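Notes to accompany the following structure.
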2 protein chains.
Amino acid sequence: MAKVRHSRFDCDPGCAVEATISLIDGKWKCVVLFHLLTGTMRFNEIRRQISGVTQRTLTNQLRELEEDGLIERKIYAQVPPKVEYTVTPLGRSLQPILVALKFWGDENIGRFGKPERANAA
Amino acid sequence: MAKVRHSRFDCDPGCAVEATISLIDGKWKCVVLFHLLTGTMRFNEIRRQISGVTQRTLTNQLRELEEDGLIERKIYAQVPPKVEYTVTPLGRSLQPILVALKFWGDENIGRFGKPERANAA
DNA sequence: CAGGATCCAACATGATACTG
DNA sequence: CAGTATCATGTTGGATCCTG
């Protein structure tokens, strides 16, 4: 539901949750974050790691992550452009949560659940 | 990105994260979950707690939460319909993560960040 | 290399009205 | 009471082509 992005979260207790989720929501953001947590990467480097993303979408996701202060974008003024992406301390502070989310998913969806409602899958 | 729901998560490490997020993604799901974590509630009871939701949307969110096994829907065969919603053990197992997400949001967005990109807000 | 521009389909949510 | 049905809208993300 990335459309909400940074809701006021001063309403119900779930709003802050929603606000946080909106930061890592987006079809590829968590994947990107996971990769960047292992180190700085260039655009096409990220792109190669994640198969299935289009340039446009990856660019958008990176832009949003940047605007949200989770990653940093460093541009080198060179003839063949070079742009590096790095997680910021703020982004890194999400690591435990990301890991927890991944762990929960592996445990509950992979093992005994596997809901498989899958409207899109 | 609720449209992805239960992606294969057998690809990149972020996929399980995405799959988990998809369960609590949806403009009101976390709010609903937070409320239900405090106890069983009826439909309109939930609706009254959360101002701003339409019947249709709340119904949808509840259905998805139910299909994902996070909440249980108990229907009483009565003349004035009565339906109760309760979190399942699986849903309750998400509590720590929800709390962590809320905590992070309160800390980072509320305190020194408050990105405020806000395209919708 | 790292995008920007444009077009488009799918979906999520809202508004409103109706019902067993 | 707890929905369902229908309509309308905005956003996301994909496809494709172009560029400094």
Side-chain angles (χ1 to χ4, degrees), chain A residues 1-7 18 21-32 40-68 71-86 117-121, chain B residues 1-7 14 18 21-32 40-68 71-85 117-121:
Chain A
M1 128 281 278
K3 65 253 337 199
V4 179
R5 305 195 69 70
H6 315 142
S7 48
E18 194 203 338
I21 288 181
S22 79
L23 302 185
I24 51 180
D25 183 29
K27 194 164 176 182
W28 307 97
K29 287 195 194 171
C30 20
V31 189
V32 171
T40 299
M41 294 175 97
R42 295 180 59 175
F43 186 82
N44 276 337
E45 207 171 343
I46 300 174
R47 204 185 161 199
R48 248 166 311 169
Q49 295 284 332
I50 308 171
S51 67
V53 207
T54 52
Q55 281 180 332
R56 187 185 100 89
T57 300
L58 181 56
T59 302
N60 286 343
Q61 307 274 294
L62 287 168
R63 285 295 186 285
E64 293 195 359
L65 287 170
E66 188 195 358
E67 289 174 38
D68 289 333
I71 66 175
E72 197 193 351
R73 180 158 166 261
K74 190 170 185 180
I75 309 158
Y76 293 83
Q78 301 182 353
V79 181
K82 176 177 172 182
V83 180
E84 284 185 343
Y85 292 91
T86 316
R117 170 140 51 78
N119 16 350
Chain B
M1 122 283 271
K3 67 265 318 219
V4 180
R5 302 196 70 69
H6 315 143
S7 49
E18 193 203 338
I21 289 181
S22 80
L23 302 185
I24 51 180
D25 183 29
K27 196 165 176 181
W28 306 98
K29 286 194 194 173
C30 22
V31 189
V32 170
T40 299
M41 294 175 95
R42 297 181 59 174
F43 185 83
N44 276 336
E45 208 171 342
I46 300 174
R47 204 184 161 201
R48 248 166 309 168
Q49 295 285 331
I50 308 171
S51 68
V53 207
T54 51
Q55 279 180 331
R56 190 185 98 88
T57 300
L58 181 55
T59 301
N60 286 343
Q61 306 274 296
L62 288 168
R63 284 297 186 285
E64 294 195 357
L65 288 170
E66 186 195 0
E67 289 174 38
D68 288 332
I71 66 174
E72 198 194 351
R73 180 159 166 261
K74 191 170 185 179
I75 309 157
Y76 292 83
Q78 300 182 355
V79 182
K82 176 179 173 182
V83 179
E84 283 185 343
Y85 291 91
R117 172 140 52 80
N119 18 350

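Remember, predicted model here, so these are calculated numbers, not experimental data. Lettering follows sequence order; numbering is per chain, from 1.
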Starting at atom [atom1] of [X], determine the distance to atom [atom2] of [N], rounded to an integer number of angstrom.
X        : N       : atom1 : atom2 : answer
Lys82(A) : dC1(C)  : NZ    : P     : 13 Å
Phe43(A) : dG20(D) : CZ    : P     : 18 Å
Met41(A) : dC1(C)  : CE    : C1'   : 15 Å
Ile24(B) : dA12(C) : CD1   : P     : 16 Å
Asn60(B) : dA2(D)  : CG    : C1'   : 13 Å
Ile46(B) : dA2(D)  : CD1   : P     : 9 Å
Leu58(A) : dA15(D) : CG    : P     : 14 Å
Lys27(B) : dC11(C) : NZ    : C1'   : 15 Å

N/O (side chain, Tyr85(A)) to phosphate O (OP1/OP2, dG3(C)) under 4.0 Å:
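Yes, within the criterion.
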Phosphate OP1/OP2 of dG3(D) contacted by Arg42(B) side-chain N/O (<4.0 Å):
no
State plainly whether the residues Glu64(B) and Lys29(B) are in salt-bridge range, i.e. N to O under 4.0 Å.
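Here Glu64(B) pairs with Lys29(B) in a salt bridge, since their nearest N and O are under 4.0 Å apart.
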Residue among Asn60(A), Leu58(A), Val53(A) satisfying side chain to side chain contact (heavy atoms under 4.5 Å, CB included) with Arg56(A):
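The residue from Asn60(A), Leu58(A), Val53(A) that satisfies side chain to side chain contact (heavy atoms under 4.5 Å, CB included) with Arg56(A) turns out to be Asn60(A).
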Which nucleotide wins on minimum distance to the side chain of [X], given the candidates [options]?
X        : options                 : result
Arg73(A) : dG14(D), dC1(C), dG3(C) : dG3(C)
Pro81(A) : dA2(C), dG3(D), dA2(D)  : dA2(C)
Thr57(B) : dG14(C), dG3(D), dA2(C) : dG14(C)
Asn44(B) : dG3(D), dG3(C), dC1(D)  : dC1(D)

Give [X] one of three labels, base, sugar-phosphate or nothing, depending on what nucleic acid heavy atoms sit under 4.0 Å from its own.
X        : answer
Gln61(B) : sugar-phosphate
Arg47(B) : nothing
Tyr76(A) : nothing

Any chance the side chains of Glu84(B) and Tyr76(B) put a donor and an acceptor closer than 3.5 Å?
yes
Nearest heavy atom decides the nucleotide; on that basis, is Val79(B) or Gln55(A) closer to the 5' end of DNA chain D?
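Result: Val79(B).
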Given DNA chain D, 5'-ward residue of the pair Val53(A) and Arg48(B), judged by closest heavy atom:
Arg48(B)
Is a donor on one side and an acceptor on the other found under 3.5 Å between the side chain of Arg48(A) and the backbone of Asn44(A)?
yes
Just by distance, do the side chain of Glu45(B) and the backbone of Arg42(B) share a donor-acceptor pair under 3.5 Å?
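The answer is yes, because a donor-acceptor pair under 3.5 Å joins these two groups.
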Decide yes or no, distance alone: a donor-acceptor N/O pair under 3.5 angstrom between the base of dG3(C) and the side-chain of Arg56(A).
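Looking at the base of dG3(C), it does not pair with any donor or acceptor on the side chain of Arg56(A) (distance under 3.5 Å).
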